[in-house]
Each structure stands twice: as structure tokens, then as C-alpha cells.
2 protein chains.
Amino acid sequence: MPKPVVPEERRRRRRPTRSGTVLSERLIVDTALRLLREHGSSGLTARRLGLALDCDPSTLYRYFRGMDDLTLAIGDALIGQALRGWAPTGRWRADLEAIGLRIHAAYVAHPQAALLTASRVTGRAHELAADEAVLDVLRRAGFPLPETVRIYHAFIDQTLAFAALDSASLALPTASQRADEDQWRSTYARLPRTTHPRIAEAAPLLARRMLTSAYPTALDMLLDSAATRLEQPG
Amino acid sequence: MPKPVVPEERRRRRRPTRSGTVLSERLIVDTALRLLREHGSSGLTARRLGLALDCDPSTLYRYFRGMDDLTLAIGDALIGQALRGWAPTGRWRADLEAIGLRIHAAYVAHPQAALLTASRVTGRAHELAADEAVLDVLRRAGFPLPETVRIYHAFIDQTLAFAALDSASLALPTASQRADEDQWRSTYARLPRTTHPRIAEAAPLLARRMLTSAYPTALDMLLDSAATRLEQPG
DNA sequence: CCCTTATGCCAACGCCATTGACCTTACGCC
DNA sequence: GGCGTAAGGTCAATGGCGTTGGCATAAGGG
């Protein structure tokens, strides 16, 4: 049977590690984020984390049931970070845009971590707070309940989905991340007009646009559609 | 130095494995897809693949440079499957809807494999064909070139992003995949009305809707926005 | 101040991908 | 039809991984 994990708020004894550092959930998560940034999305290992914290890898199991549990904690930290200090303005479209862009930005700021967590539903505190905020904005805007739920679902999943996708390309090892303008040119602009005429004519525009995230555009289009329905119900 | 890999079309000798089966790229990829389905997205290992094919794990390195190379081959197979047999109807909105849903469906039909490949850009033949098709539909519909590129980018990334996200939840080990209605009830419906009033009032609707993919909704909203712009340029 | 037990540490297990050396047999050539 | 070559299957080994059970020790409540 696995060792029991004591929840952070119940922790009484704080016994320092042999080298003197005192562990905590917070410290572990922060260190994990650093390792992810430094060693890539597969660079977070119990052994490495133990090395970085100067403790035995097995000690981590006093704080998390396993690496997967730690992963979820990392995800919750990202969401918490995204909404810290946010407050609604009362203008529903601006508020939703802000929430979406903030969450997306928080994930993309830690692409290696986002890759591991963006598609996990944690049900933890920060995530619930974000959901409540989105629903509240929509209800106050005047959307009926079924429409609110419909839009909420599309909104939140689209945000997380783009966060994961955009993180994936950012987290690639820099060797294969020559996905800059030159890379796009060499892949798309050299296609012969005879076989791929549409790509050929669009190549310069594509080369410029594909370097950026499509999330802001997709978000605007989603909000366009919602606004139309608010004006013309049914 | 790693062993050289002979491309499939150059293969001359077909030496059977000790148990008599004759290997090929095709056979390996198909077996890999089966293993992924049976053992989950982390269940594809060289050892297991060797066991299933009745060959030594190291034999696989005669066919692929490594497991990552095999992963890309799997992704290529999925894309090919998505496009097989599609033809445009001339109605732009229906065509885009069909392309999006087909790609999304092909990935989600192999969620464990999709998880590994959906966010990898290959630039290979089938992917280029899909891009050309989307651009062609938009241009024929009458969108100006910059608008075409803008919508294309949002459309294709939205499709892939949702494919990855939806695959992720489908591919979870069945133990933690109690994300059915009961799970949603226990997570969301038990939140007190005092702290999370919006979630509380929406809980029944949420429990039903969150079980399905938000992609069709998000796709419709994107196409709504595009249609509006086509009618009212600028 | 003492006892309990939380918490850190150690050693070990069974996985994993990958490699280099070896061997055997299918095939192209004469 | 036989033969030499090298393609391709196999073996053994390396160093990494997550995770566990047992153990020692010191923190902190009483």
C-alpha cells in the first residue's frame, strides 16, 4: 500500500532535508516548473527533482501520490497565476476576451508545463474559480442559461485547446523549432502552382501569419457569434 | 552510431522473424495502433511492440530511427485516413464543416495515437492536401486573400487543437476516466450555492454538455463569424 | 521532557529506449 | 545452381525511469 500523503494545510512537523532546505508543496511545484523550463517537457523526473531540491526522490511521495498528482498541482498553479489580480469590468465581451487571453498567456508562458497539464481537468480551486467567473460574465450579459452553458463550454475548451497546441510548438527542442518564416517559406512557398495553387498564392501571407497564434482570431470569431445571438435571440 | 534505416521501398531481403512473421513498416504501424488502443497512449513501448510482433525490440530500429520516428509515421497514417474519399460540394460552409469534422473524427477515432501526433506539424503530402482544400473552398466562396488566410489559420488550428484536447480525455486510463455524468455531478453539483452560484445553477446542464466535444459548437461559431463578414465586408 | 509519529533516507524492483557485436540466411550475380 | 555479401534478426548490456517497504531520527504536542 502506498504511503499516506498529508495535505499541505495539515502539515505540522517541518523537518529539514539533510542539506537544510525545508520542503513544501509550493517549493516543489516551483522547482518543477523550473526544471520543466530548463530540461523540456519530458525533463521533469522524480530523480532530477530530488537532485534539484537536495532530497531523496522518494521524499516527494510524502507530498504527492505520484508524478501525476504533481502534474495536476502544476496545472492548478498555472490557472491561479492566470487570474491573479483580475477583476470584471462589466463589459461582457471585454471581460471574456481578457479571461481567455490571460489563461492562454499563462499556459504559453510555461509551454513545457502546459503540455503536461492543459488537457487535464483538475477540479481544484483555481480551476473552479475560473469557471465560475466565465459563467458569471455570461449570465450578467443576459444570455439565457442553456446558451450560457453552450458558449461557456466552447469558450473554455477552445482556450485550453489552443493553449496546448501553441505550447506544443513552443516546447519543441530548438533544433526542430526552425518554424520561423524561413521554415514556412521552404515548406509552403516552394510548392508548384500547378499542384497547390491556393497555397502558392497565399504563401507570403501564410508565412507571416502562421508564426503567430491563431487563438486571438478564433476567440474574436467566437465572441462575434455570441454577440450576434445576444442581439438576435433564437 | 545508430544503425542505418533502409527506406521501405528499397527493402530487398525480407527475412522472417524467428517465429516466421515477415515485418514491414505497414505491419509495424498497424500493430502500434492496436497496442495504443489496448494499452493507452503510454502503452506503446519498443518491448511491447516486439512482443506483439514476435521479434526483438531492437529489430524495430531497422525500420525506424527511434520511437519518435515511428510516432510520425503513425500520424501520417491518421491524416491519410481522414481525407480518403472526400470531395467538395461547392457550398462553402458545408464543405468547411465537413472537412473539420472529418479531421477531428479521424483523430478522435484513435485518441491514444492522436495524443502523440495531433500537435506535430509534418508538412507531408496529406497535410498539404488538406490545407490546399481549405484555402480553395474559402477563395471560391469569395473571401479576399487576407481574410482567407486569417480564417484558414483559425480553422485549421482550431480543428487540430480540439482533436488533441478531446483525444486527451478519451485516452485517459479508464480508472480516471470516470468523467461521465456522475463524475461531473460529484465535482460540480456539490459546490455550495454560496461560493459558486453560477456553477450551481448550471450544474445539470453542465453535467450533460461537458460529456460531449465542444468542437462542433466552436466550429459553427467560427463559421457564423465568417459568414457575417462575407455578407458585410469590412 | 518524553513519546509518538511525521518525515526524510536507503536499497531494491521491474520497467523503459537505445546501442554494438554477433550470427544467419536471403538474395544478386555469375 | 552455387557462392559471397551484407541485410536484417538476436543477444546482452547500459543507464535512466517511477515507485515501494523498511528504517532512522527528530519535531512538536502533551
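From a predicted model like this one, the values you see are computed outputs, not experimental measurements. When reading the values below, keep in mind they use all heavy atoms of this one structure, side chains included, and skip hydrogens, waters and symmetry mates. Order of the sequence lines fixes the chain letters, A, B, ..., with proteins taken first and strands second; residue numbering starts at 1 for each chain.
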Write down the atom of A/A118, the atom of A/A164, and the distance for their closest heavy-atom approach.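 Heavy-atom minimum between the residues: CB-CB, 3.7 Å.
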
Minimum heavy-atom distance B/A218-A/Q158, with the two atoms named: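 Of all heavy-atom pairs spanning B/A218 and A/Q158, the closest is CB-OE1, 4.1 Å.
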
Does [N] have OP1 or OP2 under 4.0 Å away from a side-chain N or O of [X]?
X	N	answer
A/R18	C/dC10	yes
A/T59	C/dT7	no
B/Y63	D/dG9	yes
A/S58	C/dC9	no

Rounded to the nearest 0.5 Å, what separates atom CZ in A/R124 from atom CG in A/D76?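 One gets 5.5 Å once the value is rounded to the nearest 0.5 Å.
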
Give, for atom CG of B/L96 and atom CD1 of B/I156, the distance between the pair rounded to the nearest 0.5 Å.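 The distance works out to 10.0 Å.
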
Please state how far atom [atom1] in [X] lies from atom [atom2] in [N], giving the value in whole angstrom units.
X	N	atom1	atom2	value
B/L70	C/dT18	CG	C1'	14 Å
A/R62	C/dT7	CZ	C1'	5 Å
B/L49	C/dC15	CG	C1'	16 Å
A/Y61	C/dC13	OH	C1'	13 Å
B/H39	C/dC16	NE2	P	10 Å
A/L60	D/dT19	CG	P	10 Å
B/L35	C/dC16	CG	C1'	15 Å
A/D56	C/dA12	CG	P	13 Å

Per-pair distances, 0.1 Å, donor-acceptor, side chain in residues 105-117 of chain B, under 3.5 Å, sequence neighbours excluded:
{"unit_1": "B/H110", "atom_1": "ND1", "unit_2": "B/R37", "atom_2": "NH2", "d": "3.1"}
{"unit_1": "B/H110", "atom_1": "NE2", "unit_2": "B/Q81", "atom_2": "NE2", "d": "3.4"}
{"unit_1": "B/T117", "atom_1": "OG1", "unit_2": "B/A113", "atom_2": "O", "d": "3.3"}

Sub-4.5 Å side-chain heavy-atom contact between [X] and [Y]:
X	Y	value
B/D131	B/Y152	yes
A/L60	A/L70	no
B/L165	B/Y215	no

Provide a list of protein-nucleic acid N or O atom pairs under 3.5 angstrom, restricted to nucleotides 15-17 of chain D.
{"unit_1": "D/dC17", "atom_1": "OP1", "unit_2": "A/T45", "atom_2": "OG1", "d": "3.2"}

Determine, step by step, whether B/R102 and B/L83 satisfy the side-chain contact (heavy atoms from CB on, under 4.5 Å) criterion, reporting the C-alpha distance in whole Å, the side-chain angles of both residues, the deciding distance to 0.1 Å, and the verdict. CA-CA 7 Å; B/R102 266 172 170 261; B/L83 299 180; over 6 Å; no

Below 4.0 angstrom, N of the basic side chain to O of the carboxylate: do A/R120 and A/D68 qualify?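 Yes.
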
Identify all pairs in which a protein N or O lies below 3.5 Å from an N or O of nucleotides 27-30 of chain D, and state each distance.
{"unit_1": "D/dA27", "atom_1": "N3", "unit_2": "A/R13", "atom_2": "NH1", "d": "3.1"}
{"unit_1": "D/dG28", "atom_1": "OP1", "unit_2": "A/R12", "atom_2": "O", "d": "3.2"}
{"unit_1": "D/dG28", "atom_1": "OP1", "unit_2": "A/R14", "atom_2": "N", "d": "3.2"}

How bent is the helix from C/dC1-D/dG30 to C/dC30-D/dG1, measuring the angle between the end axes built from five pairs each, rounded to 10°?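 It comes to 20° between the two terminal axes.
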
Acceptor/donor pairs from residues 26-33 of chain A side chains to any protein atom, 3.5 angstrom cut, sequence neighbours excluded:
{"unit_1": "A/R26", "atom_1": "NE", "unit_2": "A/D30", "atom_2": "OD2", "d": "3.0"}
{"unit_1": "A/T31", "atom_1": "OG1", "unit_2": "A/L27", "atom_2": "O", "d": "2.7"}

B/D157: what forms a side chain to side chain donor-acceptor pair (under 3.5 Å) with it, not counting sequence neighbours?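 With neighbours one apart ignored, the set is B/H153.
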
On the side chain of A/T17, is there an atom forming a donor-acceptor pair with the base of C/dC9 - under 3.5 Å, no angle test?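 Such a pair does not exist between side chain and base.
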
